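Read the structure below first, then the notes.
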Amino acid sequence: MHDNLQNNLSVTSYMEKVRVRFAPSPTGALHIGGVRTALFNYLFARKHKGTMILRIEDTDQERFVPGAEEYIREALEWCGIELDESPWNPSPKYAPYRQSERKAIYKQYAMQLIESGHAYYAFDTEAELEEMRERLKAARVASPQYNAITRTTMKNSLTLPEDEVKKRIESGEPYVIRLKVPRKEEIRFHDMIRGWIMVHSHALDDKVLMKSDGMPTYHLANVVDDHLMEITHVIRGEEWLPSAPVHVLLYRYLGWEKTMPRFAHLPLILKPDGNGKLSKRDGDLGGFPVFPIEWTDPDTGKTVAGYRESGYFPEAVVNFLALLGWNPGTHQEIFSMAELIEAFSLERVGKSGTKFDIEKARWFNQQYLKAKSDEELAQYLLKDLEKNGIQVPFSKVKAVCSLLKERVIYPTEFWKEGKYFFVPPTQYDEKILSKKWNSESVKILTDYLSALSSVATFNAATAKQALENVISQHGIAMGKILQSLRLALTGVGGGPELFPLMEVLGKEECIKRLENALQTLPVA
RNA sequence: GCACCAUUCGUCUAGGGGUUAGGACACAAGAUUUUCAUUCUUGUAACAGGGGUUCGAUUCCCCUAUGGUGUACCA
């Protein structure tokens, strides 16, 4: 309560413009959890009339995946997350937006830290580091790490004579630059979602700031860029919480603590069973997408469908994602992007991890589908018809969607569920056939067939009237015959209301199908 | 192991010292529907455990348990 009040005040009284960034690394497809982080940043930015920035964190050359950057761009666009600044629409004041293009900048600040005594050179090889860890483990040290104590036993500019350090560097020996974390200090910072967090510096290790390839690590790059880009709020996943104290230290040592951005660490999206955070494999296992749009792995060439390809509307995905970890405090469930922006606040973001529930996503999609016009839905069906080489008047496509929209969740189902509107059935549901198709139904339907032929104006009402006339002659109930008729016309036992369906099919087609069924279907 | 974070129906969550602990998804039943679906109604179902504090704790504090994250020259 207290924290909320504080947060509110500080947000609304912010003099400078809110600037937030989404900073993915181009190591593959953007995960649905990443999309949510982007979304929350976006909602916050728009809510406060601020700026939404995309920064590409490509400091790891080894994990770089070609095409990932374009994927991120396309995925965000599909979701309707607009970027005010990005590699594609840079602001000259803050560009470039790819960390690989900012290499020189980081070096400069790393040097500043060395000069102020807050960082140092380290020459230890991988084998030496491994040996150190083994040694400590053997000595039953609680947490083997490169820190205030162990660094005195390693090869670095703190232990080596100054001229040897110089010689090593000049001779081109590989080195890293490490942060000199103080031995005993309490580091506290405020998180807008979790309140005050305090950690002891002895729990931190001397993080590598600059790698031996001259690239910065995330820790340095992120702090330098957030400062230089004048980021006001860092909204990111909870996996960053443990390293946030390192970042606070960096802001301090770089002399930027007064303008340090505020932190908000979002709860993680967990696997449906709650064991660990959601990963790509869970989608494969659970049969639901974890990517916003389809992704083709450049190595294997394998393509995985995303939400888009699986028939989800971007509005539904955004709505669903927004409610994963955030709630409006009201009972409203359906939100447009504009409504989300209006209602969003970090104060109403929860603290605990949320399990991923695809059932809820399906429900959202269904809601959005039902709300769409027949015209819009017809576009989806039209594509499937084209794919199958079927040409029909648009009015019919629309009519089919109209009849089917209450019973599907994805627009991709229109074709699947309504194929018989366009193609006569070649197979008939065995169970219905054996249960309902008998000599009596054949007799009635034969009568109906001839009644239908003489109907002048054919539509749902007259088709129904004709059947009513026939069954009253035979003295049986409507329910007795209807499913046989449906089977004859569509081949299946269920579907939308039969008479409107017949109207869409048309008189000729109904007669043709009825004739065919009467001639070919075996009587039990 | 160590550090940090978390813990309300199966799931997403609201709430908050005294409530019949509310909603949504899912599930079940009933109604409507000639079928299936939709829709409507109803129902099942939760404060992790133990100590405090208090007249009273699900709510505040502590401990335990459980879960998550981190612990890389990955982000």
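Letters A, B, ... mirror the listed sequences (proteins, then strands); counts begin at 1. Note that the coordinates shown come from a computational prediction; the quantities given were computed from them, not determined experimentally.
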Legend entry - Side-chain ion pair, A/Asp58 and A/Arg98, N-O less than 4.0 Å: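 Looking at A/Asp58 and A/Arg98, the cut-off is not met.
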
Counting any heavy atom closer than 4.0 Å, what does [X] reach on the DNA or RNA strands: base, sugar-phosphate only, or nothing?
| X | result |
| --- | --- |
| A/Glu62 | nothing |
| A/Thr59 | sugar-phosphate |
| A/Gly325 | sugar-phosphate |
| A/Arg236 | nothing |

Rounded distance in Å between the [atom1] positions of [N] and [M]:
| N | M | atom1 | answer |
| --- | --- | --- | --- |
| B/U8 | B/A45 | C1' | 12 Å |
| B/U35 | B/G30 | P | 14 Å |
| B/U54 | B/C62 | C1' | 16 Å |
| B/G1 | B/U42 | P | 50 Å |
| B/U53 | B/U58 | P | 15 Å |

Inset, instruction - Would you please name every residue forming a side chain to side chain contact (heavy atoms under 4.5 Å, CB included) with A/Pro242, sequence neighbours left out? - result: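 Here no residue qualifies.
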
Legend entry - RNA chain B contacts made by residues 173-182 of chain A, counting heavy atoms under 4.0 Å: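 Listed by number, they are A/Val176, A/Arg178.
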
[X] to [Y], cation-pi by 6.0 Å centre distance and 45° axis angle:
| X | Y | answer |
| --- | --- | --- |
| A/Lys372 | A/Phe313 | yes |
| A/Arg362 | A/Phe364 | no |
| A/Arg178 | A/Tyr146 | yes |
| A/Arg55 | A/Tyr97 | no |

Could you give the side-chain donor-acceptor pairs of residues 324-332 of chain A under 3.5 Å, partners two or more places apart or in another chain?
| from | atom 1 | to | atom 2 | distance (Å) |
| --- | --- | --- | --- | --- |
| A/Trp326 | NE1 | A/Ser345 | O | 3.4 |
| A/Asn327 | OD1 | A/Gly329 | N | 2.8 |
| A/Asn327 | OD1 | A/Arg348 | NE | 3.4 |
| A/Asn327 | OD1 | A/Arg348 | NH2 | 3.1 |
| A/Thr330 | OG1 | A/Gln332 | N | 3.2 |
| A/Gln332 | NE2 | A/Ile334 | O | 2.9 |

Inset, instruction - Starting at the 5' end of nucleotides 60-70 of chain B, put B wherever the base has a protein heavy atom under 4.0 Å, S where only the sugar-phosphate does, and a dash everywhere else. - result: -------SSBS

Legend entry - Base-pairing mate for B/U53 - Watson-Crick or G-U, with both contacts under 3.5 Å: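 The answer is none; no pair meets the criterion.
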
Inset, instruction - Look through every strand shown and name the nucleotide pairing with B/U20 as Watson-Crick or G-U wobble, where both distances are under 3.5 Å. - result: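 Check on B/U20: unpaired, no WC or wobble geometry under 3.5 Å.
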
Inset, instruction - Please identify each residue that fulfils ring-ring contact (aromatic ring centres under 6.0 Å, His included) with A/Tyr410, with sequence neighbours left out. - result: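 A/Tyr312.
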
Look at the side chain of [X] and decide which nucleotide, out of [options], has an atom nearest to it.
| X | options | value |
| --- | --- | --- |
| A/Asp205 | B/A72, B/U39, B/A75 | B/A72 |
| A/Ser352 | B/C74, B/U35, B/U7 | B/U7 |
| A/Asp60 | B/A75, B/C5, B/U35 | B/A75 |

Inset, instruction - Let me see the working for A/Phe320 and A/Tyr307 under ring-ring contact (aromatic ring centres under 6.0 Å, His included), right down to the final yes or no. - result: CA-CA 12 Å; A/Phe320 165 68; A/Tyr307 278 84; 7.5 Å; no

Inset, instruction - Please confirm whether A/Trp415 and A/Tyr380 have ring centers closer than 6.0 angstrom. - result: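 Centroid separation for A/Trp415 and A/Tyr380: 6.0 Å or greater.
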
Legend entry - Most 5' of A/Gln145 and A/Glu497 on RNA chain B, judged by nearest nucleotide: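 Closest to the 5' end, via its nearest nucleotide, is A/Glu497.
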
Inset, instruction - For A/Pro496 and for A/Gln99, locate the closest nucleotide of RNA chain B by heavy-atom distance; then report the residue assigned to the nucleotide nearer the 5' terminus. - result: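 Looking at the nearest nucleotide for each, A/Pro496 comes out on the 5' side.
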
Inset, instruction - Ignoring backbone atoms, test whether A/Arg63 places a side-chain nitrogen or oxygen under 4.0 Å from the OP1 or OP2 oxygen of B/C73. - result: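 Indeed not, no polar side-chain atom of A/Arg63 lies that close.
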
Inset, instruction - May I ask you to evaluate whether A/Lys370 reaches the phosphate of B/A37, defined as a side-chain N or O under 4.0 Å from OP1 or OP2? - result: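 Checking B/A37 against A/Lys370, no side-chain N or O comes under 4.0 Å of OP1 or OP2.
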
Legend entry - A/Asp60 and A/Tyr218: side chain donor to acceptor below 3.5 Å: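 Looking only at side-chain atoms, A/Tyr218 and A/Asp60 do not form any donor-acceptor pair under 3.5 Å.
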
Legend entry - Distance-only polar pair, side chains of A/Asp124 and A/Tyr175, donor-acceptor under 3.5 Å: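 Note: A/Asp124 and A/Tyr175 side chains miss the donor-acceptor criterion.
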
Sort me out a list of protein N/O and nucleotides 22-29 of chain B N/O pairs below 3.5 Å, or just none if empty.
| from | atom 1 | to | atom 2 | distance (Å) |
| --- | --- | --- | --- | --- |
| B/G23 | O4' | A/His331 | NE2 | 3.3 |
| B/A24 | O4' | A/Glu333 | OE2 | 3.0 |
| B/A24 | O2' | A/Lys360 | NZ | 3.4 |
| B/A24 | N3 | A/Lys360 | NZ | 3.0 |
| B/C25 | OP1 | A/Trp363 | NE1 | 3.4 |

